[in-house]
Trainee: 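Sharing a structure, written as structure tokens. Questions coming.
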Amino acid sequence: MKQIVLFLSDLEPRLPWTDALLRNGFELKRCSTGREARECRAAAVILVWLDRIESLPELIENVSAPLILIRPNLSSDLAAFARASGVSDYLREPVDPEELIHSIRACIADPKARRASRGLLAGGERMVGHSRAMEVLRHGLAGVAATDCTTLITGETGTGKELAAELIHLNSQRKARNFVCVNCAAIPENLLESELFGYEKGAFTGAHNARPGQWELAAGGTLFLDEIGEMNLGAQAKILRAIDRKEVQRLGRLKGIRADVRIVCATNRDLEAEVARGIFRADLFFRLNVTRLRLSPLRERKEDIPDLVSHFLEQMNARMGLEVRGFTEHSWHTLLKYHWPGNVRELRNMVDTSLVNLPYSGMHWMELPGEFHQQVTPKADSLTEADQLLIALVSHNWNKSKAAQHLRWSRMRLYRKMAQYQLSSPVKPANKAPESMLLERP
């Protein structure tokens with residue numbers, strides 16, 4: 001008799017298919033914590049019923065049996081995330097008992113299949129940060145890249161949407177072909193057709209030679225339409241036609257040209273709201289919104305700021321021949337208090353400005369520009385508890401004893417709060433010289 005572990009999160013749902021498992025000779029054992037699941041060493045398969053899929057990667061890392069995810073309202077992007085996390089299969093509620101039994105038997109026959117599905121994200125080191133949001137994003141990118149679906153990337157300006165699109169391409173089956181980026185906001189309406197679809201010789205005044213459009217240049221590869229929300233309705237109609245027909249028509253040419261491309265789009269706008277307002281076509285939105293990835297703003301993952309600063313400093317030091325190790329402690333407090341409306345792009349610009357304004361090249365500890373300090377004037381009591389905890393940890397180079405002493409907390413309370421706010425120490429020091437977060441400039 002094969003043991004099947006049924007892992008249930010939160011309240012136990014009504015699962016009518018469990019009777020079918022028992023009738024087919026499977027033994028069921030129920031558990032509700034990751035520790036209980038790890039102790040089930042005799043399990044042939046673990047069925048995971050989750051409301052919150054964010055806890056899936058941690059569970060997978062700590063068990064050896066194949067996992068089958070069962071979840072109500074499992075969207076395509078969550079399914080891709082689950083596959084990238086390493087599950088063997090996933091099913092949507094209501095579950096067909098015969099389909100579930102077939103999946104279980106396939107997992108028993110090949111228990112190592114799930115590990116093969118868990119791929120590393122090539123180029124993932126370019127997405128700097130160790131926060132939970134970045135971990136979820138890397139898993140999501142790997143899952144989306146493994147498919148050939150049209151993908152919509154959303155996020156505020158400066159969050160790295162173009163980099164995410166590049167990583168999708170580099171980890172897809174199309175990586176050997178072109179990755180073509182088109183900034184939709186930068187193309188005037190009267191030039192859209194010629195830029196995207198190309199033109200024939202003599203199609204208009206000045207068209208002395210035929211020219212392929214960006215869509216054709218991306219054939220076999222990936223076409224990234226950045227800021228798709230900036231297109232007007234007329235341009236949207238032309239994009240929709242090309243997606244539907246999978247072909248483009250050059251200006252001055254009667255016959256269309258087949259172009260097999262994968263479409264990845266990005267926007268900082270709320271497209272659902274724009275559809276409701278009638279300024280974005282609903283039919284185009286549905287074709288773009290097959291799989292979706294959201295990039296978190298920097299204010300929601302401030303624990304990544306030290307890693308990002310270290311990354312930018314390393315690049316700028318090599319380019320400018322400097323040996324700057326980091327900011328003073330006072331500057332770190334300011335960095336972590338700031339709201340960062342421009343996100344990672346604004347942070348990089350701030351690091352560049354700080355280096356350019358150094359009074360002499362031999363400095364190791366630098367201050368933030370004076371104008372930047374003027375933008376950050378929150379009172380100490382206006383900071384959230386999570387911000388205060390992060391400032392204490394970063395200012396003491398993630399030394400938990402010193403951070404707890406600074407906050408006048410016990411170490412146990414500090415650990416509980418870190419777990420509550422999902423803060424974890426970076427795998428590597430945030431800087432080559434860790435004391436750069438501790439020392440004032442001499």
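All residue numbers refer to positions in the sequence shown, counting from 1.
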Trainee: Would you say the side-chain atoms of His396 pair up with the backbone N or O of Ala392, donor to acceptor, closer than 3.5 Å?
Mentor: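 Checking the backbone N and O of Ala392 against the side chain of His396, a donor-acceptor pair under 3.5 Å is found.
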
Trainee: Taking Val324's backbone N and O only, do any of them form a donor-acceptor pair with Asn317's side chain (distance below 3.5 Å, no angle check)?
Mentor: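 Yes: the side chain of Asn317 pairs with the backbone of Val324.
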
Trainee: Tell me the closest heavy-atom pair linking Gly326 and Leu313, and the distance in Å.
Mentor: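 Looking at all heavy atoms of both residues, the shortest contact is CA-CD1, 3.7 Å.
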
Trainee: Has His169 got a side-chain atom pairing as donor or acceptor with Arg177's backbone, closer than 3.5 angstrom?
Mentor: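 Here the side-chain-to-backbone pair exists.
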
Trainee: Hey, is CZ on Arg245 packed in by over 12 heavy atoms from elsewhere, all under 6.0 Å?
Mentor: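 No, CZ of Arg245 has 12 or fewer neighbouring heavy atoms, counting only those of other groups under 6.0 Å.
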
Trainee: Would the distance check show the side chain of Arg138 and the main-chain N or O of Met127 forming a donor-acceptor pair, the cut-off being under 3.5 Å?
Mentor: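 Present.
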
Trainee: Would you check if there is a donor-acceptor pair between the side chains of Gln405 and Arg411 at a distance under 3.5 Å?
Mentor: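 No, Gln405 and Arg411 have no side-chain donor paired with an acceptor closer than 3.5 Å.
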
Trainee: Tell me, do Ile168 and Phe224 make a side-chain contact under 4.5 Å, heavy atoms counted?
Mentor: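 The answer is no, as the side chains (C-beta and beyond) never meet within the 4.5 Å cut-off.
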
Trainee: Without swapping roles, check the side chain of Thr291 against the backbone of Thr150 for a donor-acceptor pair under 3.5 Å.
Mentor: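 Pair found, side chain donor or acceptor close to backbone of Thr150.
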
Trainee: Show, in sequence, the C-alpha distance, side-chain angles and deciding distance for Gln315 and Arg348, and conclude whether the side-chain hydrogen bond (donor to acceptor under 3.5 Å, both in side chains) test is met.
Mentor: CA-CA 11 Å; Gln315 291 182 333; Arg348 179 176 189 124; 2.9 Å; yes

Trainee: Are Leu225 and Leu223 packed together at the side-chain level, in the sense that at least one heavy-atom pair is separated by less than 4.5 angstrom?
Mentor: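 Contact flag for Leu225/Leu223 side chains = yes.
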
Trainee: Contact between Glu162 and Asn183 at the side-chain level, heavy atoms closer than 4.5 Å - yes or no?
Mentor: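 No, their side chains stay 4.5 Å or more apart.
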
Trainee: Does the Asn178 side chain pair with the main chain of Gly221, one donor and one acceptor, at a distance under 3.5 Å?
Mentor: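 Pair absent, no side-chain N/O of Asn178 close to backbone of Gly221.
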
Trainee: Ignoring hydrogens, what is the shortest heavy-atom contact between Ala242 and Phe197? Give both atom names and the distance.
Mentor: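 Shortest heavy-atom separation between Ala242 and Phe197 comes out as CB-CE2, 4.0 Å.
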
Trainee: CG/Leu240 to CE/Met231 distance, rounded to the nearest 0.5 angstrom?
Mentor: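 Leu240 atom CG to Met231 atom CE measures 12.0 Å (nearest 0.5 Å).
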
Trainee: Taking all heavy atoms of Pro297 and all of Thr159, pick out the closest pair and write down the distance.
Mentor: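 Looks like CA-CG2, 4.0 Å.
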
Trainee: Could you tell me whether a side-chain N or O of Arg241 sits under 3.5 Å from a main-chain N or O of Ala237, the two making a donor and an acceptor?
Mentor: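 No.
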
Trainee: Does Arg301 come within less than 4.0 Å of Asp307, counting only side-chain N to carboxylate O?
Mentor: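 Here Arg301 does not pair with Asp307 in a salt bridge, since their nearest N and O are not under 4.0 Å apart.
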
Trainee: If you measure only the distance, is there a donor-acceptor pair under 3.5 Å linking the side chains of Glu303 and Ser131?
Mentor: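 Side-chain D/A pair, Glu303 to Ser131: absent.
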
Trainee: If every non-hydrogen atom of Ile228 is compared with every non-hydrogen atom of Phe280, which pair is closest and at what distance?
Mentor: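 Heavy-atom minimum between the residues: O-CE1, 3.7 Å.
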
Trainee: Would you please say whether a donor-acceptor pair under 3.5 Å links the side chains of Thr151 and Arg262?
Mentor: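 There is such a pair (donor and acceptor under 3.5 Å, judged by atom type) between the side chains of Thr151 and Arg262.
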
Trainee: Does the side chain of Leu390 come within less than 4.5 Å of Tyr421's, by heavy atoms?
Mentor: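 No, side chains not in contact.
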
Trainee: Closer than 3.5 angstrom, by distance alone: can the side chain of Asp304 be matched with the main-chain N or O of His130 as a donor-acceptor pair?
Mentor: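 At least one qualifying donor-acceptor pair exists.
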
Trainee: Quick check for you: to the nearest 0.5 Å, what is the distance between Cys184 atom SG and Leu196 atom CG?
Mentor: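 Going from the SG atom of Cys184 to the CG atom of Leu196 covers 7.0 Å.
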
Trainee: Using side-chain heavy atoms (C-beta onward) and a distance below 4.5 Å, is Pro341 in contact with Glu346?
Mentor: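 When only atoms from C-beta onward are counted, Glu346 and Pro341 do touch, with a gap below 4.5 Å.
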
Trainee: Donor-acceptor check, side chain of Trp340 to backbone of Leu335, threshold 3.5 angstrom: yes or no?
Mentor: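 Present.
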
Trainee: Within a radius of less than 6.0 Å around NZ of Lys175, do more than 12 heavy atoms belonging to other residues, nucleotides or ligands occur?
Mentor: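 For Lys175, atom NZ is not crowded (no more than 12 foreign heavy atoms under 6.0 Å).
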
Trainee: What closest approach, in Å, do Val261 and Ala218 show between heavy atoms, and which atom pair accounts for it?
Mentor: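 That would be CG1-O, 3.4 Å.
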
Trainee: Kindly indicate, with the supporting measurements, whether the criterion side chain to side chain contact (heavy atoms under 4.5 Å, CB included) is fulfilled by Leu293 and Thr154.
Mentor: CA-CA 6 Å; Leu293 293 171; Thr154 62; over 6 Å; no

Trainee: Do Ser331 and Thr328 have side-chain N/O donor and acceptor atoms under 3.5 Å apart?
Mentor: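 Indeed, the side chains of Ser331 and Thr328 share at least one donor-acceptor pair under 3.5 Å.
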
Trainee: Assess the residue pair Lys161 and Glu156 against the criterion (salt bridge (charged side-chain N to carboxylate O under 4.0 Å, His left out)); give the C-alpha distance rounded to whole Å, side-chain angles, the decisive distance to 0.1 Å, and a yes or no.
Mentor: CA-CA 9 Å; Lys161 296 186 289 295; Glu156 297 178 6; over 6 Å; no

Trainee: Is any side-chain heavy atom of Val180 closer than 4.5 Å to a side-chain heavy atom of Thr222?
Mentor: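 They are not in contact (no side-chain heavy atoms under 4.5 Å apart), so the answer is no.
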
Trainee: What distance do Leu288 atom CG and Ile153 atom CD1 have between them, rounded to the nearest 0.5 Å?
Mentor: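 The distance works out to 12.0 Å.
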
Trainee: What pair of heavy atoms forms the shortest contact from Gly278 to Leu233, and how long is it?
Mentor: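 Shortest heavy-atom separation between Gly278 and Leu233 comes out as O-CD1, 3.9 Å.
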
Trainee: Salt bridge check: are Arg269 and Glu230 linked by an N-O gap of less than 4.0 Å?
Mentor: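 A salt bridge links Arg269 with Glu230.
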
Trainee: Taking only Lys NZ, Arg NE, NH1 and NH2, and the carboxylate oxygens of Asp or Glu, determine whether Arg292 and Glu272 approach each other closer than 4.0 Å.
Mentor: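 Counted as a salt bridge, because a side-chain N and a carboxylate O are separated by less than 4.0 Å.
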
Trainee: Using the rule given for side chain to side chain contact (heavy atoms under 4.5 Å, CB included), can you reason through Asn343 versus Leu347, listing the C-alpha separation, both sets of side-chain angles and the distance that settles it, and then say yes or no?
Mentor: CA-CA 6 Å; Asn343 296 293; Leu347 177 62; over 6 Å; no

Trainee: For a side chain to side chain contact (heavy atoms under 4.5 Å, CB included) check, start with the C-alpha distance between Phe26 and Thr18, then their side-chain angles and the critical distance, and finish with the verdict.
Mentor: CA-CA 10 Å; Phe26 294 110; Thr18 55; over 6 Å; no

Trainee: Keeping the roles fixed (side chain from Thr353, backbone from Asn349), state whether a donor-acceptor pair exists under 3.5 Å.
Mentor: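 Yes, Thr353 side chain to Asn349 backbone: donor-acceptor pair under 3.5 Å.
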
Trainee: In Å, rounded to the nearest 0.5 Å, how long is the span from CG of Leu389 to CD of Gln420?
Mentor: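 The distance works out to 9.5 Å.
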
Trainee: Please round to the nearest 0.5 Å and tell me the distance separating atom OG of Ser296 and atom CG of Leu137.
Mentor: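 Reported to 0.5 Å precision, the distance equals 7.5 Å.
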
Trainee: Report yes if the side chains of Ile391 and His406 come closer than 4.5 Å at any heavy-atom pair, otherwise no.
Mentor: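 Answer no - side chains too far apart.
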
Trainee: Do Asn24 and Arg105 pass the side chain to side chain contact (heavy atoms under 4.5 Å, CB included) test, and can you show the C-alpha distance, the side-chain angles, and the key distance before you say yes or no?
Mentor: CA-CA 11 Å; Asn24 279 269; Arg105 287 174 175 163; 3.6 Å; yes

Trainee: Got more than 12 heavy atoms from elsewhere within 6.0 Å of CD, Glu300?
Mentor: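 Result for CD/Glu300: enclosed.
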
Trainee: Would you say Leu355 and Phe312 make side-chain contact, with heavy atoms under 4.5 Å?
Mentor: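 With C-beta onward as the side chain, the pair stays apart.
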
Trainee: Ion pair present between Glu385 and Arg413, side-chain N to carboxylate O less than 4.0 angstrom?
Mentor: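 Counted as a salt bridge, because a side-chain N and a carboxylate O are separated by less than 4.0 Å.
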
Trainee: Is it true that Thr384 and Asp387 share a donor-acceptor pair across their side chains at a distance under 3.5 Å?
Mentor: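 Checked: Asp387/Thr384 side chains pair up, N/O donor to acceptor below 3.5 Å.
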
Trainee: Would you compute the distance between atom NZ of Lys246 and atom CZ of Arg258 and round it to the nearest 0.5 angstrom?
Mentor: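 One gets 7.5 Å once the value is rounded to the nearest 0.5 Å.
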
